[in-house]
Each structure stands twice: as C-alpha cells, then as structure tokens.
Amino acid sequence: MKLNENNLLDAVNELRAKGYEDDYIVDENNLICTNSNKCLTHNDFEVEDAFQFEITENAIDSQFLFTIKDKQTQNKGLLIDLMGSHYYDDTLISEKLKVPTDMYVCEDNSPMKYGMPKIFKDIFNQNPERFELRIGHLDMPACPFGNSFKALGYDRISKEYVWLVTSIIKDKRLERVTFEG
C-alpha cells in the first residue's frame with residue numbers, strides 16, 4: 001500500500017481513515033492491543049505493510065509504522081516504533097516486523113520533535129555523558145499518538161527529556177537507565 005502522506009503523524013491519520021483502528025504496543029515477545037488489552041503472540045498476527053519515515057535519506061532519525069491484522073478477529077491496527085528499537089531488536093516480534101518497508105522522506109530540520117528538543121549526533125559527540133536513554137520512567141511526557149513512550153532521551157545538564165535521533169540510540173556510548181520501581 002502506498003501512502004499519500006510522508007510524515008508519521010499524517011500517515012497515522014490516513015491509515016485510521018482506512019480502518020486501522022486498533023493500537024498495538026510491544027511487550028517482550030508479544031503485541032498488546034491497547035484498545036482491548038488482548039495479547040497476541042508472533043503467530044497471532046500478520047504485518048500487512050511497513051513504512052519507514054526519515055528526515056533525510058541518510059537515516060539519522062528512523063521511525064517505523066506497521067499495519068497489523070489480528071488473524072483471529074481480522075481487526076486491523078497500527079504499531080508505531082518511534083525509535084526503531086523494536087525493528088532493530090533481536091526478538092520474535094522484531095523478526096516478524098522485518099518485512100520490506102516503504103521509505104518516506106520528510107525534510108524536518110526543526111529543533112523540536114514531539115514537543116522536545118531534538119538532539120543530533122554532532123551535539124551528542126561533543127559530550128556523550130550528557131545524555132542517557134531512560135527506559136520505563138514514569139515522568140516521561142505524553143506520546144502524541146495516545147500511548148506512552150517506553151524510552152526517551154534525557155539531557156542530564158538541562159534536566160529535560162529530549163528526542164535523540166536514531167544514530168544516537170544505536171551508539172554504544174549512550175547509557176541506558178531502566179526505571180526500577
């Protein structure tokens with residue numbers, strides 16, 4: 001399926017109008033439908049289409065959108081992977097998500113992303129210890145798609161959440177801090 005839109009927010013709205021009403025999140029090796037709380041294993045769903053959104057063609061800020069179909073109910077929904085973390089993982093779910101993707105490029109040189117300062121690799125390289133990837137913290141800002149963020153960048157100096165481009169998320173120097181609560 002080809003989309004008319006080339007950015008993630010508008011693509012989600014386009015697919016909602018085409019009947020993709022459910023929302024899915026990844027929970028270890030399962031998909032959870034946030035509308036019904038139904039748990040799907042990797043055998044319970046199909047990935048119909050996959051879309052990758054970039055701000056430039058050199059993939060510094062990958063975001064993925066998957067159209068999901070529940071094999072049992074035939075319900076359709078969306079799985080949004082804002083940082084590409086599920087796409088690049090090595091799990092049963094990520095293996096299922098590795099289908100051919102259509103890439104859409106949207107020039108976005110804005111210093112903000114989803115209401116947070118956007119940090120590019122050149123800023124990160126100046127002081128990698130300044131930033132961390134927070135996972136599961138309860139004080140994260142709201143996600144613009146109605147779900148909650150599972151992980152976000154954090155600037156230790158300005159003490160605020162930030163959007164880290166994909167190349168930083170993949171950088172082994174980025175410290176990952178999981179909430180223990």
Between R156 and E129 (side chain of the first, backbone of the second, donor and acceptor by atom type, cut-off under 3.5 Å), is there such a pair?
yes
Between E14 (side chain only) and N4 (backbone N and O only), is there a donor and an acceptor less than 3.5 Å apart?
yes
Hey, any chance Y104 and L9 share a hydrophobic cluster, counting ILVMFWY side chains that come within less than 4.5 Å of each other, even indirectly?
yes
Using the rule that Ile, Leu, Val, Met, Phe, Trp and Tyr join whenever any side-chain heavy atoms are under 4.5 Å apart, tell me whether V99 and Y24 fall into a single cluster.
yes
Taking the side chain as every heavy atom from C-beta outward, state whether [X] and [Y] have any pair of such atoms under 4.5 Å apart.
X	Y	answer
K98	E95	yes
L152	M116	yes
I168	F131	no
I68	D22	no
N125	D122	no
K38	N75	no

Please verify the inter-ring angle class for F64 with F66; under 30° counts as parallel, over 60° as perpendicular, anything in between as tilted.
parallel
Should the ring pair F149 and Y114 be called parallel, tilted or perpendicular, given that the plane angle runs from 0 to 90° and is split at 30 and 60?
tilted
At what distance, to the nearest 0.5 angstrom, does [atom1] of [X] lie from [atom2] of [Y]?
X	Y	atom1	atom2	answer
I25	T34	CD1	OG1	6.5 Å
T166	Q63	OG1	CD	7.0 Å
T67	L3	OG1	CG	9.0 Å
R134	M140	CZ	CE	8.0 Å
L92	N29	CG	CG	4.5 Å
D49	K69	CG	NZ	11.5 Å

Partner of Y154 under ring-ring contact (aromatic ring centres under 6.0 Å, His included), picked from Y161, F179, W163, is Y161
Nearest atoms (heavy-atom pairs only) where [X] meets [Y]:
X	Y	answer
I135	A151	CG1-CB, 4.0 Å
V47	K96	CG2-O, 3.7 Å
K121	V165	N-CG2, 4.1 Å
H137	V177	NE2-O, 3.1 Å
D155	I157	OD1-N, 2.8 Å
A50	P100	CB-O, 3.8 Å

N-O pairing of R16 and D23 below 4.0 Å:
yes
Results of side chain to side chain donor-acceptor pair (under 3.5 Å) for E48 - residues two or more places apart only:
Y20
Applying side chain to side chain donor-acceptor pair (under 3.5 Å), name anything that partners K71, two or more places apart in sequence or on another chain.
none
So with a 6.0 Å cut-off around CG of N127, is the heavy-atom count from everything else above 12?
yes
So with a 6.0 Å cut-off around CD of Q74, is the heavy-atom count from everything else above 12?
yes
Could you check E5, K76, M1 and say which one makes a side chain to side chain contact (heavy atoms under 4.5 Å, CB included) with L15?
M1
Judged by modelled atom types alone, do D27 and N30 share a side-chain donor-acceptor pair under 3.5 Å?
no
